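Values below: all heavy atoms of this structure, side chains included; hydrogens, waters and symmetry mates excluded. Residue numbers begin at 1 in each chain, while the letters A, B, ... track the order of the sequences. This is a predicted model, so every value here is computed, not measured.
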Amino acid sequence: MTRLRLATWNVNSLRARLERVGEWMRQVEPDILCLQETKLADAAFPVEWFSARGYESAHHGAGQWNGVAVVSRVGLGDVERTMGPGTETLSESRFVAATCGPLRVASVYVPNGRSLDSEHYLTKLAWLRQLAGLAAFERERGMSLALCGDFNVAPDDRDVWDPRAFEGATHVSEPEREAIRALEAEGLVDAFRVLYDQSGLFSWWDYRGGAFHQHRGMRIDLVLVSASLRDRVRWAVVDRNARKGGKENQPSDHAPVVVDLEV
DNA sequence: ATGGTCGTTGCACGA
């Protein structure tokens, strides 16, 4: 039995955050790290910076927007950059998957729905349906799966600072939450919720209005693992320290989520 | 109180 430390972090520009990511990795020593919003083209992704620290990497990005990566020190192979045949356009540069040791790992950056009456909201729901198809595919071929990333959905009211503030907004609407439950119906469990049932444990805080200091956040960064791993979740945390900092050490607006699995 | 801040690109826009 070995302990596998899995983490996911929307870094809001890897170029702007690289030094901070390096310091965090040195302290936390994740075995597998999923990144979102690298905002890099594949050619600009710092493959050698990661390999110098003992990590292989797979990146999918077009630059400027989106961009996701899987970084691993327990092996990395069979890289896929779409959720399946015919989904290249939908997948955008928001999906990359790789096999890392015993796990199939996907780093996902679910589209922001913007508003309930936006076409982007429909794209978001379609994207999540496609992701459920991928979960079914991995289950059918017997792979243990970890879907890690920024889902832009708060699964239930415990995951928002004030449900009343979100009436009629995205991230909390019933169709979005149903899409997360559909992933669970495909055999995935929210690893963080295996250990914690409290409200107010957030992973994202708006940069504006001092939201972080006033505890106005949401839990939208998730690690969804195969149900067969439920009893192997040993430890989990949202590392709020990584959300701290000011002018000289700017944080992302997301904190990393860390999950330790006994595999 | 319809504001606020950050990262990117280029003199707004997405989140």
Side-chain angles (χ1 to χ4, degrees), chain A residues 8-24 34-46 49 59-69 89-95 107-128 131 148-155 159-173 176-177 179-180 202-222 238-257:
Chain A
T8 184
W9 194 2
N10 178 324
V11 293
N12 186 22
S13 171
L14 187 58
R15 204 190 307 273
R17 215 70 61 206
L18 191 61
E19 189 177 348
R20 191 152 181 163
V21 168
E23 176 66 11
W24 185 84
C34 294
L35 300 170
Q36 298 86 38
E37 282 206 85
T38 64
K39 299 187 177 181
L40 295 175
D42 286 336
F45 186 80
W49 186 93
H59 181 259
H60 184 195
Q64 185 170 4
W65 289 306
N66 313 327
V68 290
T89 301
L90 183 65
S91 297
E92 218 175 347
S93 50
R94 298 176 174 275
F95 180 92
S107 180
V108 305
Y109 177 42
V110 177
N112 187 308
R114 303 195 193 182
S115 63
L116 298 188
D117 59 0
S118 166
E119 61 182 289
H120 297 279
Y121 178 74
L122 299 176
T123 300
K124 179 181 192 175
L125 294 177
W127 209 98
L128 286 165
L131 194 59
C148 310
D150 178 357
F151 284 74
N152 273 316
V153 180
D159 301 315
V160 296
W161 62 276
D162 181 1
R164 291 169 299 180
F166 289 90
E167 285 174 17
T170 61
H171 296 65
V172 302
S173 74
E176 290 166 90
R177 288 176 165 175
I180 299 298
F202 306 135
S203 67
W204 172 86
W205 301 260
D206 200 308
Y207 280 125
R208 298 167 292 185
F212 180 66
H213 299 287
Q214 296 177 58
H215 306 294
R216 296 197 304 246
M218 310 177 81
R219 191 179 70 95
I220 57 178
D221 298 273
L222 308 177
V238 179
D239 188 357
R240 293 181 76 259
N241 287 328
R243 179 62 177 78
K244 298 176 181 175
K247 292 280 181 231
E248 303 303 315
N249 191 25
Q250 290 282 17
S252 169
D253 47 355
H254 295 251
V257 179

Quick one: are A:T170 and A:Y121 in side-chain contact, heavy atoms under 4.5 Å?
yes

Where the side chain of A:Y207 is concerned, which of B:dT8, B:dA15, B:dT5 is the nearest nucleotide?
B:dT5

Would you call the rings of A:W9 and A:W24 parallel, tilted or perpendicular if under 30° counts as parallel and over 60° as perpendicular?
tilted

Expressed in whole Å, how much space separates the P atoms belonging to B:dA1 and B:dG10?
39 Å

Pairwise P distance for B:dG3 and B:dC13, with rounding to whole Å
16 Å

Round to a whole Å and report the spacing from NZ of A:K39 to P of B:dA15.
9 Å

Tell me: CG of A:D150 to P of B:dG7, nearest whole Å?
16 Å

In whole angstrom, what separates A:H171's NE2 from B:dG14's C1'?
12 Å

For B:dG3, does either OP1 or OP2 sit under 4.0 Å from a side-chain N or O belonging to A:R208?
no

Side chains of A:T8 and A:Q36: do they bring a donor and an acceptor to under 3.5 Å?
yes

Distance only, no hydrogens: is a donor on one side chain within 3.5 Å (strictly under) of an acceptor on the other, for A:D253 and A:W205?
no

Protein-nucleotide distance (A:N66, atom CG; B:dA15, atom C1'), rounded to Å:
11 Å

Can you measure A:W204 atom CH2 to B:dG14 atom P for me and round it to whole angstrom units?
17 Å

Start at the 5' end of DNA chain B and walk down; is the nucleotide closest to A:G63 or to A:D206 reached first?
A:D206

Return the 5'-most residue of the pair A:N112, A:N12 with respect to DNA chain B, ranking by each residue's nearest nucleotide.
A:N12

Among B:dT9, B:dG7, B:dA15, which is the nearest nucleotide to the side chain of A:A16?
B:dG7

Considering only atom P, compute the distance from B:dC11 to B:dT5 and round it to an integer number of Å.
23 Å

Can you tell me how far P of B:dT5 sits from NE2 of A:H213, to the nearest Å?
12 Å

Less than 4.0 angstrom between a side-chain N/O of A:K247 and OP1 or OP2 of B:dC6, yes or no?
yes

Roughly how many Å is it from CD in A:Q36 to C1' in B:dG14, rounded to a whole number?
17 Å

Need one value for A:F212: base, sugar-phosphate or nothing, where a base atom within 4.0 Å counts as base even if backbone is also close, heavy atoms only.
nothing

In whole Å, what is the span from the CD atom of A:Q64 to the P atom of B:dG7?
15 Å

A:V68, A:N112, A:D221 screened by side chain to side chain contact (heavy atoms under 4.5 Å, CB included) with A:D150, the one that passes
A:D221

If I pick the C1' atom on B:dG14 and the same atom on B:dT9, what distance separates them, to the nearest angstrom?
12 Å

Looking only at side-chain N and O atoms, does A:R17 come under 4.0 Å of OP1 or OP2 in B:dG7?
yes

